[in-house]
Chemist: 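Quick one: structure below, then a few questions.
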2 protein chains.
Amino acid sequence: MDLSERQLQILQAIINDYVENAEPVGSRSIAKKYDLGVSPATIRNEMSDLEEMGYLTHPHTSAGRVPSDKAYRLYVNNLMKKKNLSAREKRLINERLSASRDEFDATIRHAAELLSEITHLASFAMTPATNEEKISFIRLLPVDDRTLILMIVGESGNITNSTLRLKVPYTQDALDLLSKNMTVNYKGRTLDDVLKSHIIEDVGSDIEALAALRGNVMPSFIRTLEDMLNVNLYMEGMTNIFNLPEYSSIDRARDFMELFARKDWFTRKMLERADGVVVTIGDENDAMKDCSLITATYHVDGKLVGKIGVIGPTRMKYGEVTSIMEFLTNNLSESFRLTSGNDDDDSKRK
Amino acid sequence: MDLSERQLQILQAIINDYVENAEPVGSRSIAKKYDLGVSPATIRNEMSDLEEMGYLTHPHTSAGRVPSDKAYRLYVNNLMKKKNLSAREKRLINERLSASRDEFDATIRHAAELLSEITHLASFAMTPATNEEKISFIRLLPVDDRTLILMIVGESGNITNSTLRLKVPYTQDALDLLSKNMTVNYKGRTLDDVLKSHIIEDVGSDIEALAALRGNVMPSFIRTLEDMLNVNLYMEGMTNIFNLPEYSSIDRARDFMELFARKDWFTRKMLERADGVVVTIGDENDAMKDCSLITATYHVDGKLVGKIGVIGPTRMKYGEVTSIMEFLTNNLSESFRLTSGNDDDDSKRK
DNA sequence: ATTAGCACTCTTGTTAAGTGAGTGCTAACA
DNA sequence: TGTTAGCACTCACTTAACAAGAGTGCTAAT
């Protein structure tokens, strides 16, 4: 059962108005503001129909109408118009992102900052998931006679290291041998692959001293790999939501803040989301009802995929926000294209 | 002008009551609850005197009294009694901290979590400032013919690295030479020393190829050193404050949250504070009036000093919180004593 | 020096009335 | 048949008035 042209116009008008003012919108006010050529009474009739179809709600008998999640969904799918960013906004984004271009994590964080500044909402950015990152080499470096550094380097330049303190001293020879041994065994394999498979156990070691050292290093190796898999999450502008009327009650605000105190949970949730620009509205989010979430993905060197996102009330300028995010992620992906690595220092990937 | 014994008793009673109930306390109620052997009228007189001296305030004529910052200061300095932790609390702390004992940053974060769980306040923990950390060695590792990894290792096992992408290819020889060269030059110097002095400029390089490579590497070296100096800040339980009556208004809550959104500012402020257990109350904090702050320091290997802290309203159980923090920091310092490093994997210092 | 008594103050909670925005329905109209 | 004007009705919100309660400050008696 499709909506008539006029119903769509009215619905759009209500959404626009409500997104702007956060107050239930009545028939009179949209008759006045938007020139639809019909009287309030007609609009009332249409609104009544729209309500029956589930696009509008009624806080109470004598209040105006409020768009439902379903209405926003319709809006996002069909009605929404992309907004062209102003030159000023584009310049702002370009400047701010290029300022920290050579520090990977800093750039990601700045993207989140920018996003919350421009949208006045809460935002986040995550470094890429590195499941598919391949191991380039593994190095063991001596510190003192019982301490050594384990270093895993990924093909994209991603590095993770940890300091190990052994129970027994090691020899330089054993260290070098094990370094090479491990590199040969794991080079070119993805982190996921190495962690999930039983490769780790399988590799035999023929030499006695090496086997002992290996036994000591292996648990740390696994832990370091896991650490390497962790994405970094940056959240910005969380306090912006305090300015929104929907969070003017302490309880609402608390609920919101508590959601994001669980960083690990949140990270997992966000990793599950599909690539590209994804909008989920209200009930479509299993937790976080009465929030909307917009996420988008950027690429590093065309392969690794990171996410940025915006969180706010369902009443949100979907058109604007998605446009901004599209521009921003394109910009990021461009920055992180390997060939464009102009300079002498590229990254500091976590 | 000293306070009489009875005035102290009354003041203490008022503080106890107010800390508990967060409501102005009247003469009648303390006459009833605390057996001071005097009538409400007498207490009223004393309260009047205490107010004149600045220890109490009056929200309005017919309300009870509220302790002033000055009163809390007196309380903390003279009246406060240390609380002995219950066996349960001690066990909890021991268990939780030892669970992640071999991962430095995780332990720090858990300490903050614990602190906010036990106190029901907001808390933070910082990794040690590494200004005085000495450089152990510097290593340059090849990735591909234009990419290399710069790695700085501190004497305490602290590692920082960054990935460099050069404009021109390098040779393995030049790399090795520069590694050695830099290690020789900076070994044993503190990070601060290296960064602040002009040592970096001073070191001449006699060989042509080396000089070129060096020129490319140096800016990254400085940036990496700076990165190494950064302390990590973990904040926990920020949402706890929503449960306190003093933050029941959105504005107050927002102000509070915004303070801690500025992590860099906050970190700097906290680093300025003296070592040991430090309590600052209300106005004593330049920003964050009407908050109290308690910080304490823990030691790593007896040298490096990190901080943990609790932030809450001035109405706070000072005795309890300081006791908990004392126990916690002792425990942490004990964990981080080098000799107690029992096992094969010690750290992952940032 | 202490205390009982009492007037006074100020907050909080409740009730009642008034206001205004907005709906829903009906009847008239094109 | 779709549109519109008119009107009664609903409900949240505001304001004022009032009562209750907690607490002080002062005075006079002990």
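Below, all heavy atoms of this structure are taken into account, side chains as well, without hydrogens, waters or symmetry copies. Everything numeric here is computed off the predicted structure, so don't read it as measured data.
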Chemist: Output the distance between atom CE (B/Met126) and atom OG1 (B/Thr267), rounded to the nearest 0.5 Å.
Modeler: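 So the gap between those two atoms works out to 6.5 Å.
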
Chemist: Tell me the interatomic distance from A/Arg65, atom CZ, to C/dG22, atom P, rounded to whole angstroms.
Modeler: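 That distance rounds to 11 Å.
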
Chemist: Can you tell me the distance, in whole Å, between the CD1 atom of A/Ile43 and the C1' atom of D/dT4?
Modeler: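 Spelled out: CD1 on A/Ile43 to C1' on D/dT4 is 12 Å.
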
Chemist: Measuring from the side chain of B/Arg6 (C-beta onward, heavy atoms only), which nucleotide among D/dT4, C/dT2, C/dC25 has the closest atom?
Modeler: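 Out of D/dT4, C/dT2, C/dC25, the nucleotide with an atom closest to B/Arg6's side chain is C/dT2.
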
Chemist: Would you call B/Lys289 and B/Asp69 a salt bridge, using N to O less than 4.0 angstrom?
Modeler: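 A salt bridge is absent here (no side-chain N lies under 4.0 Å from a carboxylate O).
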
Chemist: Can you tell whether the side chains of A/Glu89 and A/Lys83 come within less than 4.0 Å, N to carboxylate O?
Modeler: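 A/Lys83 and A/Glu89: salt-bridged.
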
Chemist: Can you find a side chain N or O atom of A/Arg44 that sits less than 4.0 Å from OP1 or OP2 on C/dC25?
Modeler: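 No, A/Arg44 has no side-chain N/O under 4.0 Å of OP1/OP2 on C/dC25.
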
Chemist: From the list D/dT4, C/dC10, C/dG5, which nucleotide is the closest neighbour of the side chain of B/His60?
Modeler: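 From the listed options, C/dC10 comes nearest.
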
Chemist: Between atom CD in B/Glu46 and atom P in D/dT24, what is the gap in whole Å?
Modeler: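 Atom CD in B/Glu46 sits about 14 Å away from atom P in D/dT24.
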
Chemist: Heavy atoms from C-beta onward define the side chain here; which of C/dT9, D/dT24, D/dC7 lies closest to that of B/Ser27?
Modeler: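 When the side chain of B/Ser27 is considered, D/dT24 is the closest of C/dT9, D/dT24, D/dC7.
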
Chemist: Please identify which of these residues, A/Asp17, A/Val25, A/Val19, meets the side chain to side chain contact (heavy atoms under 4.5 Å, CB included) condition with A/Asn21.
Modeler: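 With A/Asn21 as partner, A/Asp17, A/Val25, A/Val19 yield a single side chain to side chain contact (heavy atoms under 4.5 Å, CB included), made by A/Asp17.
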
Chemist: Using whole Å, report how far CZ of B/Arg28 lies from P of D/dT24.
Modeler: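 Rounded to whole Å, this separation is 11 Å.
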
Chemist: Tell me which nucleotide among D/dT24, D/dT4, C/dC10 gets nearest to the side chain of A/Thr42.
Modeler: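 Comparing D/dT24, D/dT4, C/dC10 against the side chain of A/Thr42, the answer is D/dT4.
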
Chemist: Rounded to whole Å, how long is the line connecting atom CG of B/Asn45 with atom C1' of C/dT3?
Modeler: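 About 9 Å, once rounded to whole Å.
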
Chemist: Picking from D/dA22, D/dT24, D/dT4, which would you name as closest to the side chain of B/Ser62?
Modeler: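 For B/Ser62, the side-chain atoms sit closest to D/dA22.
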
Chemist: To the nearest Å, how far apart are B/Lys33 NZ and D/dA22 P?
Modeler: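 Going from NZ in B/Lys33 over to P in D/dA22 covers 13 Å.
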
Chemist: Return the 5'-most residue of the pair B/Gly37, B/Thr61 with respect to DNA chain C, ranking by each residue's nearest nucleotide.
Modeler: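 Looking at the nearest nucleotide for each, B/Gly37 comes out on the 5' side.
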
Chemist: Is any side-chain N of the basic residue among B/Arg252 and B/Asp255 closer than 4.0 Å to the acidic one's carboxylate O?
Modeler: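 Between B/Asp255 and B/Arg252 there is no salt bridge, as every charged N stays at least 4.0 Å from the carboxylate O atoms.
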
Chemist: What is the separation between atom CD on B/Glu23 and atom C1' on D/dG23, rounded to the nearest whole Å?
Modeler: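 Roughly 13 Å, once rounded to whole Å.
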
Chemist: Check every atom of D/dT3, D/dA5, C/dG24 against the side chain of A/Ser39 and return the nucleotide holding the closest atom.
Modeler: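 Of all the options, the side chain of A/Ser39 is nearest to D/dA5.
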
Chemist: Quickly work out the A/His58 NE2 to D/dA12 C1' distance and round it to whole Å.
Modeler: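 It works out to 13 Å between those atoms.
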
